[in-house]
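Count residues from 1 along the sequence.
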Amino acid sequence: MAEYPKRGQISLALGTAWFHIPIMAQRTKTSPSVGRPREFELDDAVRKAMSVFWDRGYHDASLPDLLEGMELSRGSFYKAFVDKRGVYLRALDIYIEDAIRKTGEILHSNSSPKAAIKQAFSRHVEESSGNEGLRGCFAVLSAVEMLPADEEVSKRIARLFRRLEDLYAAAVIRAQTLGEIDSALDERTLAKFLVCQVQGMRVLGKAGADPGATKAMVDFALKALD
């Protein structure tokens with residue numbers, strides 16, 4: 001895994017290295033099985049399972065709940081995923097992959113890195129509002145339910161936060177190089193602060209926080225970039 005770029009290595013951040021995301025769940029193409037094509041796409045089924053786990057949690061999601069949500073027979077489920085834990089870990093991997101990709105795309109979408117960081121936060125304000133906000137962040141909900149006892153889930157959550165910090169740290173370095181952010185600030189400390197603010201927003205959204213109050217909090221937090 002590539003580390004976030006150090007000063008003097010900005011070309012790495014501006015290239016495609018950031019997008020090489022190590023994930024544990026790869027999209028599986030439909031393939032023949034015992035002489036006939038698989039009747040469902042694995043990733044599509046996993047995303048449907050994610051929705052069930054998101055609403056019910058891992059422990060309260062029963063096999064009948066998953067079969068109904070995934071629109072699978074019991075035989076197809078066991079053949080593809082072995083057990084509930086198998087599909088849960090795949091769902092968490094896909095969620096993490098999506099979160100890293102979306103954040104990376106936004107942070108590389110603007111010629112002004114500082115503006116890109118603000119755009120990323122604006123998206124999180126939206127995600128922390130309304131029905132989407134009440135649903136919360138799947139990774140945070142997984143952490144609350146499964147940690148610290150579950151080592152496999154713990155490693156995945158730690159990887160998500162580490163990669164998000166890498167992306168924000170790289171954006172801070174680019175902004176410092178352009179004179180948009182004070183070069184005396186430590187990029188890793190600032191990146192950790194930004195990730196903490198993002199996760200805090202998602203938790204407040206789960207509690208039904210007022211969008212205006214959330215935006216005001218974000219505006220205050222982003223003053224750290226000045």
Self-check item: Parallel, tilted or perpendicular: ring planes of Phe138 versus Tyr95, cut at 30 and 60 degrees
Solution: perpendicular
Quiz item: So which heavy atom on Ser129 is nearest to which on Pro211, and how close?
Solution: OG-CB, 3.6 Å
Quiz prompt | Test log, rule side chain to side chain contact (heavy atoms under 4.5 Å, CB included), inputs Phe161 and Gln199 | solution = CA-CA 10 Å; Phe161 292 156; Gln199 299 309 317; 3.7 Å; yes
Quiz item: Any donor and acceptor pair, going by atom type alone, linking the side chain of Gln197 with main-chain N or O of Lys192 inside 3.5 Å?
Solution: no
Quiz item: Under 4.5 Å between any side-chain heavy atoms of Phe77 and Val82, yes or no?
Solution: no
Exercise. Say whether Arg135 and Ser51, considering side chains only, have a donor N or O and an acceptor N or O under 3.5 Å apart.
Key: yes
Exercise. Could you tell me whether the side chain of Glu127 and the main chain of Arg202 form a donor-acceptor pair under 3.5 Å?
Key: no
Self-check item: In one Ile/Leu/Val/Met/Phe/Trp/Tyr side-chain cluster, 4.5 Å: Val203, Val218
Solution: no
Quiz item: Is the shortest heavy-atom distance from the side chain of Arg123 to the side chain of Val198 under 4.5 Å?
Solution: no
Quiz item: What closest approach, in Å, do Arg174 and Pro113 show between heavy atoms, and which atom pair accounts for it?
Solution: CB-CG, 3.6 Å
Quiz item: Which atom pair, heavy atoms only, marks the closest approach of Ala45 to Phe81?
Solution: CB-CZ, 4.2 Å
Exercise. May I ask you to test the Leu141-Lys206 pair for a side-chain heavy-atom distance under 4.5 Å?
Key: yes
Practice problem: Without swapping roles, check the side chain of Lys84 against the backbone of Tyr58 for a donor-acceptor pair under 3.5 Å. | Solution: yes
Quiz item: Going by heavy atoms in the side chains, are Glu145 and Phe53 under 4.5 Å from each other?
Solution: no
Quiz item: Would Leu107 and Leu185 show up in the same hydrophobic cluster when neighbours are defined by side-chain heavy atoms closer than 4.5 Å?
Solution: yes
Quiz prompt | Check against side chain to side chain contact (heavy atoms under 4.5 Å, CB included), Lys215 and Asp219 | solution = CA-CA 6 Å; Lys215 185 179 184 304; Asp219 291 341; 3.1 Å; yes
Exercise. Without swapping roles, check the side chain of Thr177 against the backbone of Ile173 for a donor-acceptor pair under 3.5 Å.
Key: yes
Quiz item: What do you reckon, is CD of Gln119 surrounded by more than 12 foreign heavy atoms closer than 6.0 Å?
Solution: yes
Quiz item: Could you state the interatomic distance from CD1 (Ile106) to CZ (Arg101), rounded to the nearest 0.5 Å?
Solution: 11.0 Å
Quiz item: Can Asp93 and Arg159 be counted as an ion pair, charged N to O under 4.0 angstrom?
Solution: yes
Quiz item: CZ of Arg56: more than 12 outside heavy atoms within 6.0 angstrom?
Solution: no
Quiz item: Does Arg188 reach the side chain of Asp166, with side-chain heavy atoms less than 4.5 Å apart?
Solution: yes
Practice problem: Could you tell me whether the side chain of Lys48 and the main chain of Gly69 form a donor-acceptor pair under 3.5 Å? | Solution: no
Quiz item: Can you check whether Glu151's main-chain N or O pairs, donor with acceptor, with Ser154's side chain at less than 3.5 Å?
Solution: no
Quiz item: Picking from Arg163, Glu165, Arg162, what satisfies side chain to side chain contact (heavy atoms under 4.5 Å, CB included) with Val195?
Solution: Glu165
Quiz item: Of all heavy-atom pairs between Ala191 and Ala169, which one has the smallest distance, and what is that distance?
Solution: CB-N, 3.5 Å
Quiz item: What closest approach, in Å, do Ser142 and Leu92 show between heavy atoms, and which atom pair accounts for it?
Solution: OG-CD1, 3.9 Å
Quiz item: Are side-chain heavy atoms of Met70 and Val52 found at a separation under 4.5 Å?
Solution: no
Quiz item: Aromatic rings Phe121 and Tyr168: how do their planes relate, parallel, tilted or perpendicular, breaks at 30° and 60°?
Solution: perpendicular
Self-check item: side chain to side chain contact (heavy atoms under 4.5 Å, CB included) between Ile117 and Val172, worked out
Solution: CA-CA 8 Å; Ile117 293 174; Val172 169; 4.2 Å; yes
Quiz prompt | side chain to side chain contact (heavy atoms under 4.5 Å, CB included) between Asp43 and Arg90, worked out | solution = CA-CA 9 Å; Asp43 278 6; Arg90 291 191 64 162; 3.9 Å; yes
Quiz item: Is the closest side-chain heavy-atom distance between Asp182 and Leu225 below 4.5 Å?
Solution: no
Quiz item: Do Val153 and Leu89 have side chains that get closer than 4.5 Å, going by heavy atoms?
Solution: yes
Quiz item: What pair of heavy atoms forms the shortest contact from Glu152 to Asp150, and how long is it?
Solution: N-OD1, 3.1 Å
